[in-house]
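Letters A, B, ... mirror the listed sequences (proteins, then strands); counts begin at 1.
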Amino acid sequence: MNLTRIKGFADVLPGDVETWQRIERAAERVFANYNFKEIRIPVLEKSELFSRSLGESTDVIEKEMYTFADRDSKATLLSLRPEGTAGVVRAYGEGKLHQVEPVRKLYYLGPMFRRERPQKGRLRQFNQIGAEVFGRTDPYVDAELLLLLRDLWEDLGVADTVLEVNSIGCADCRPGYRAGLVAFLEERRAELCADCDRRLKTNPLRVLDCKRPSCSAMVNAAPSILSHLCDNCRSHFDTVLGLLRDLRPEPVVNPRLVRGLDYYCRTTFEWKAGSGLGSQNTVAAGGRYDGLVQSLGGPPVAGVGFALGVERLALLRSEGDTKESDAPLLYLAWMGEEAQRWTFALAHRLRRRGRRVDMEGEARSLKSQMRRADKQGADVVLIVGPDEMEKARALVRRMATKEQTEVDFSDVEESLG
RNA sequence: GUGAGUGUAGCUCAAUUGGUUAGAGCACUGGACUGUGGCUCCAGGGGUUGAGGGUUCAAGUCCCUUCACUCACCCCA
């Protein structure tokens, strides 16, 4: 093949699709339990929506977006969405959803696009299932989202996960903490790795989760965000933790957990896989973004949400997967053109009654047809050849028992439908 | 974007120091059984050795480029 798929874009072939359907159905079920409604939004938006939402200096905006000028207007740059929150926030404000009902619990699923180096669990077109709740500032929603995710793991049989939570404060307390952290790091600047030296200017909080041992050791001595939270953030976070006490596994408080996108405040979390994903092991992540809706021109309502990577979830449960079984298959085996015409018409009638039916299109030996019926898992094979056409009676073979009976043509539809 | 590794049939893998027509298992198709699945046996189809170029009498094997994948960074779901 000369024409192949482009780098970082994947086909999901039959056999793998079932895993996806299983995940999507489980998600739909769980979201319904928590009274979330689905929202569908475009994959293409004005670039400015993302840069204003995620932050100009984030990697996603600076070097990972698929951005281009529309054909008829060089002024408006468009981008394939790199994540879902910005678009949902936009739709929430644009649709004036807050006017009808101030609290909205929404979810979405679909492809996102980031031009990164592909590797396991990371593609340039990848799929996310995400949730956003607008209009609630209470800590109970934060906890509700995490419980919802736990329900989803349970439904899908995903074990061996770790939930890390943190609070990164709000507009009142974070600036003070940030200044203190920067001062602390400036003093030890010589010891920082090259990446962290850069982070010190662009996003100092990110120094906290540098994986290098030298930086990590230094950060241990750095001031912790959790001891600098204002009273409101402190009690919000404590309530969230209290509500999660019965979660298994119990959440790990990680004061160094910092999210990459600018809009987060207060509660942040990451749900990681213990094994099976390599270094890209975050399956779901999210947090609170109270100022975002308003900063994008919407009403002054709070927001919380998460996104989970469908590909990563699929990798976690690709082995020993219990696929949802298809309806039983009825296979029509025929010999001779007359029988073919008769079974073709019968297939049509049975399918309209909701039966899963298949048959060959070209003449094959009965043996071959039986073999294919078996391979496809048919529970019943109907055999019709010249003899049966003559007698107007079809042979019905039950595959599991090899039991074979004759049925009058006039009764076939009723007995198989 | 940086560094390293791996590319042989649909899948898992062979192929001597560079040496004949690149093999095997599984899978697929057909037959043994003129009209009966799973087991067995037999046969068949399927390869630009990822692609392009170079060295050589001769390249799956050596060199260069490129593409894809994997791992570690960066970053994120």
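- For residues 303-314 of chain A, there are no salt bridge (Lys or Arg N to Asp or Glu O under 4.0 Å) pairs, not counting sequence neighbours.
- For residues 336-350 of chain A, the side chain to side chain donor-acceptor pair (under 3.5 Å) pairs, not counting sequence neighbours, are A:R349-A:E413.
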List the atom pairs, with distances to 0.1 Å, where a side-chain N or O of residues 386-394 of chain A and a protein N or O form a donor-acceptor pair under 3.5 Å, not counting sequence neighbours.
from, atom 1, to, atom 2, distance (Å)
A:E388, OE1, A:G385, N, 2.8
A:K391, NZ, A:E406, OE2, 3.1
A:R393, NE, A:E406, OE1, 2.8
A:R393, NH1, A:D408, OD1, 2.6

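- Listed by first and then second residue, the salt bridge (Lys or Arg N to Asp or Glu O under 4.0 Å) pairs involving residues 121-133 of chain A are A:E116-A:R122 (not counting sequence neighbours).
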How does RNA chain B look in dot-bracket notation if pairs are Watson-Crick or G-U with both distances under 3.5 Å, crossing ones as [ ], other-strand ones as |?
-> (((((((..((((.....[...)))).(((((.......))))).....(((((..]....))))))))))))....
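- Under the ring pair (Phe, Tyr, Trp, His ring centres under 6.0 Å) criterion, A:W334 pairs with no residue, sequence neighbours left out.
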Identify all side-chain donor-acceptor contacts of residues 216-224 of chain A below 3.5 Å with residues at least two apart in sequence or on another chain.
from, atom 1, to, atom 2, distance (Å)
A:S216, OG, A:R256, NH2, 2.8
A:N220, OD1, A:R256, NH1, 2.6
A:S224, OG, A:L226, N, 3.2

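- Applying the side chain to side chain donor-acceptor pair (under 3.5 Å) definition to pairs two or more places apart or across chains, those involving residues 176-190 of chain A are A:R189-A:D197.
- Applying the side chain to side chain donor-acceptor pair (under 3.5 Å) rule to pairs touching residues 133-151 of chain A yields A:Y34-A:D151, A:K105-A:E144, A:R136-A:D138, A:D142-A:H236, A:D142-A:T267, A:D142-A:R288, sequence neighbours excluded.
- Considering only residues two or more places apart in sequence or on other chains, A:F31 meets the ring pair (Phe, Tyr, Trp, His ring centres under 6.0 Å) condition with A:F36, A:Y107.
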Summarise how protein sits on nucleotides 72-77 of chain B as a single string, 5' to 3': B when a protein heavy atom is under 4.0 Å from the base, S for sugar-phosphate-only contact, - for no contact.
-> SBBBBB
When you compare the protein's N or O atoms with those of nucleotides 26-29 of chain B, which come within less than 3.5 Å of each other, and at what distance?
from, atom 1, to, atom 2, distance (Å)
B:C28, OP1, A:K375, NZ, 2.3
B:C28, OP2, A:K375, NZ, 3.2
B:U29, OP1, A:R372, NH1, 3.4
B:U29, O3', A:R364, NH1, 3.4

